[in-house]
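In this chain, residues are counted from 1 in sequence order.
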Amino acid sequence: MSSAKLSPVGEQLKQSLDTIAAYDRYYLSHENSEMLHVPNVANVVLIAYEQLRNASENIEDHLLLQQAILRYYRRTVPFIDKGSVKGFGKELIIELTQAQYLKNDSVPLSKVDAIDKLLSDCYNLYWKVTKKHSDIQKKTVEGWILELLSVKSEQILNSPIRLLSFVHLAHAHFTNLIDYDRVLTGMDPLTPEDKPTVLYISIHKALLKSNDANVRSSLFDLHALPLDDPKRFVDFNVQYDALADLPQTTKLSRFISKNGAPLRVVRSAFFNDTDIIAPNDLANEGRIISIVDDAIKQVYQQVRSSLDRGIIKSIIFLLITKALIGLLIEIPYDLFTTGAIVILPLVINLVFPPLVIMLTALTMKLPGQANTDAIASYIRTMVYVSPKQTTINLKYAETANRSSFFNAVYVLLFFGVFLLTAWILQLLEFNIVQGFIFVLFFSTASFLSYRLTLQVKELELVATDSGFLAILRNLLYVPFIYLGQKISYRFGKMNLMAQVLDAAVDLPLKTMIRLIRQWIAFLANKQDELL
């Protein structure tokens, strides 16, 4: 049987699999080093706290480890006066292991040393930058350093080779397909120099759900920048911040996400940790397409599981935040104005938003067979060259009618929804504070549920027609989704709940646990001296 001919993207895929296989062989030959053992001290307390802290963040699951590392560095690294950071790598691994981010006896001492060296290099770079660039705020430089440090520390613990190889493949695929003029209609065009970087950022954020810290670190490595050159470090970060904040980057990210279903399957099929595909297997087109079909089903199942986890996590997030606001604002206001707690608004504000999330997410249906066939066909065209070659057509947004009449009707409907809500709340005898809290939490719940359903839409390559009820539901939800997005963005910037936990719990709890662990070690040494 003759080998299938690979397309240029298919050849890059083969090269990526070769690189990953070579890396795995190298890693296996160096993995028999001594591991760091962490004593079990107050692990249950620390695990429970981390679960609460992660719920308050309401971020993607794959970012939790990086955020935990970031919090550790924020808490421990001295940026006011230059001090010593020796041994911080070991303390980081101990803390992450006690909180069950890492398995015990799974981190080689060589990686602990690598984190210590990384921290020393980044810390020294901070002082060089702040000394030579007094025009840049120290907090800004600190943020750059901490983001880079947290991601690179995580990458020492978990190799990013599969993720980054996937990003390079996706970048090569979209580079030759995207019509930027059609994507960025009505916006200033990107310069030829900025297009590759903006596309790279967009792919990271759309397909990997990366935050700025992860994208910044990836580009830093892509440009092979050293950790001892303050000028290049500053120039790079200033340029990244400018490009990441462009509205064109946001719009391109949405476009990539809309066209990302086949790439998400490619990632699952070729860039996971199971390594069921060897580079030479790509020559067998039939076997590869069979594997792709299995990967599509697996991605569907993963999204279903992710939806279930997202529902629980979002509800916990709402309940924690609602409890805080209820205790600080709603109940005190009721007692002050009426002398008693008003039960009905309190119950509605507590129960209704989580119920919205449950009903919206649980009624979402996964894509059907037509979508599965379309994704498989797309990937075949992407990876192989055949005599009956079809072209890949990306989905561009249709040009909308922007007439003044339509805009006016939309604005009226937008504010009409809020007026209708206010009228209903008035019938239920909500006061102004209770009404404000209802709109706040219903908007947040609407946005969270919409964000959950996007996980299903991200797998849709075949468009589905919306019925009248779906259109009506979307019409009623859009104002609350829009408001919820703004609230979530502002809350994400402030995140008062997380700040309260960091100030009141995180520092004293982890300091106390570290002291207990050090005291136990001290007593053990004293006991050994007596023997």
Side-chain angles (χ1 to χ4, degrees), residues 51-52 54-61 303-331 333-334 341-366 413-414 416-457 466-492 495 497:
Q51 293 295 322
L52 175 64
N54 290 338
S56 71
E57 286 279 11
N58 196 40
I59 59 175
E60 300 286 342
D61 288 346
V303 167
R304 182 73 264 174
S305 298
S306 179
L307 278 174
D308 294 340
R309 292 194 305 272
I311 293 168
I312 296 172
K313 190 174 179 180
S314 297
I315 290 174
I316 292 174
F317 170 76
L318 284 174
L319 292 177
I320 291 173
T321 311
K322 178 62 177 66
L324 184 64
I325 290 181
L327 290 173
L328 295 179
I329 300 176
E330 191 171 4
I331 292 177
Y333 183 83
D334 286 350
I341 299 175
V342 184
I343 299 299
L344 181 60
L346 185 66
V347 172
I348 291 176
N349 284 343
L350 182 65
V351 174
F352 194 66
L355 189 62
V356 169
I357 291 179
M358 291 180 63
L359 291 177
T360 304
L362 291 175
T363 54
M364 284 296 298
K365 294 182 179 179
L366 294 176
L413 290 173
F414 190 92
V417 170
F418 287 114
L419 291 174
L420 176 63
T421 302
W423 177 69
I424 294 174
L425 294 178
Q426 188 177 23
L427 292 178
L428 295 172
E429 299 183 350
F430 276 61
N431 60 41
I432 188 169
V433 171
Q434 294 161 344
F436 174 80
I437 292 174
F438 175 85
V439 172
L440 173 71
F441 278 91
F442 182 62
S443 298
T444 303
S446 298
F447 173 67
L448 291 176
S449 61
Y450 171 74
R451 195 169 65 177
L452 287 172
T453 59
L454 281 180
Q455 296 182 49
V456 176
K457 292 185 179 297
S466 300
F468 175 75
L469 291 179
I471 294 174
L472 180 62
R473 183 191 64 184
N474 292 338
L475 183 64
L476 295 175
Y477 266 131
V478 164
F480 292 104
I481 293 172
Y482 175 81
L483 182 59
Q485 182 187 37
K486 298 300 181 184
I487 293 170
S488 296
Y489 176 78
R490 296 296 179 187
F491 185 85
N495 204 341
M497 184 65 182

Requested in this report: Count the heavy atoms belonging to other residues, nucleotides or ligands that lie under 6.0 Å from CZ of Phe436, then report whether that count exceeds 12.
Outcome: no
Query raised in the report: Do other residues, nucleotides or ligands put more than 12 heavy atoms under 6.0 Å from the CD1 atom of Ile432?
Result: no
Pairwise distance [atom1]([X]) to [atom2]([Y]) - rounded to 0.5 angstrom:
{"X": "Lys486", "Y": "Ile481", "atom1": "NZ", "atom2": "CD1", "value": "13.5 Å"}
{"X": "Leu483", "Y": "Phe414", "atom1": "CG", "atom2": "CZ", "value": "7.0 Å"}
{"X": "Ile316", "Y": "Ile312", "atom1": "CD1", "atom2": "CD1", "value": "7.0 Å"}
{"X": "Met358", "Y": "Ser314", "atom1": "CE", "atom2": "OG", "value": "12.0 Å"}

Requested in this report: Go through Phe430 and Ile348 one step at a time and tell me if the side-chain contact (heavy atoms from CB on, under 4.5 Å) criterion holds.
Outcome: CA-CA 10 Å; Phe430 276 61; Ile348 291 176; 4.0 Å; yes
Query raised in the report: Which heavy atom of Leu307 sits nearest a heavy atom of Gln455, and at what distance?
Result: N-OE1, 4.2 Å
Requested in this report: Would you name the heavy atoms of Gly310 and Leu452 that are closest together and state the gap between them?
Outcome: CA-CD2, 3.7 Å
Requested in this report: Write out all pairs satisfying side-chain hydrogen bond (donor to acceptor under 3.5 Å, both in side chains) with one or both partners inside residues 424-436, taking only residues at least two apart or from two chains.
Outcome: Asp334-Gln434, Asn431-Gln434
Requested in this report: Name all pairs fulfilling the side-chain hydrogen bond (donor to acceptor under 3.5 Å, both in side chains) condition that reach into residues 348-359, sequence neighbours left out, sorted by first residue then second.
Outcome: Glu330-Asn349
Could you tell me which residues satisfy side-chain contact (heavy atoms from CB on, under 4.5 Å) with [X], sequence neighbours excluded, listed by chain and number?
{"X": "Ile343", "answer": "Ile341, Val347"}
{"X": "Leu319", "answer": "Ile315, Leu350, Pro354"}
{"X": "Ile424", "answer": "Leu420, Leu428"}

Query raised in the report: By salt bridge (Lys or Arg N to Asp or Glu O under 4.0 Å), which residues pair with Asp308, not counting sequence neighbours?
Result: Arg304
**Report entry** Those residues that, when tested against Tyr333, pass ring pair (Phe, Tyr, Trp, His ring centres under 6.0 Å) (two or more places apart)
**Finding:** none
Using residues 438-450 as the side-chain source, report each donor-acceptor pair under 3.5 Å to any protein atom, sequence neighbours left out, with the distance given to one decimal.
unit_1	atom_1	unit_2	atom_2	d
Ser443	OG	Val439	O	2.7
Thr444	OG1	Leu440	O	2.8
Ser446	OG	Phe442	O	2.8
Ser449	OG	Ala445	O	3.0
Ser449	OG	Ser446	O	2.9

Query raised in the report: Who pairs with Thr453 by side-chain hydrogen bond (donor to acceptor under 3.5 Å, both in side chains), at least two apart in sequence or on another chain?
Result: none
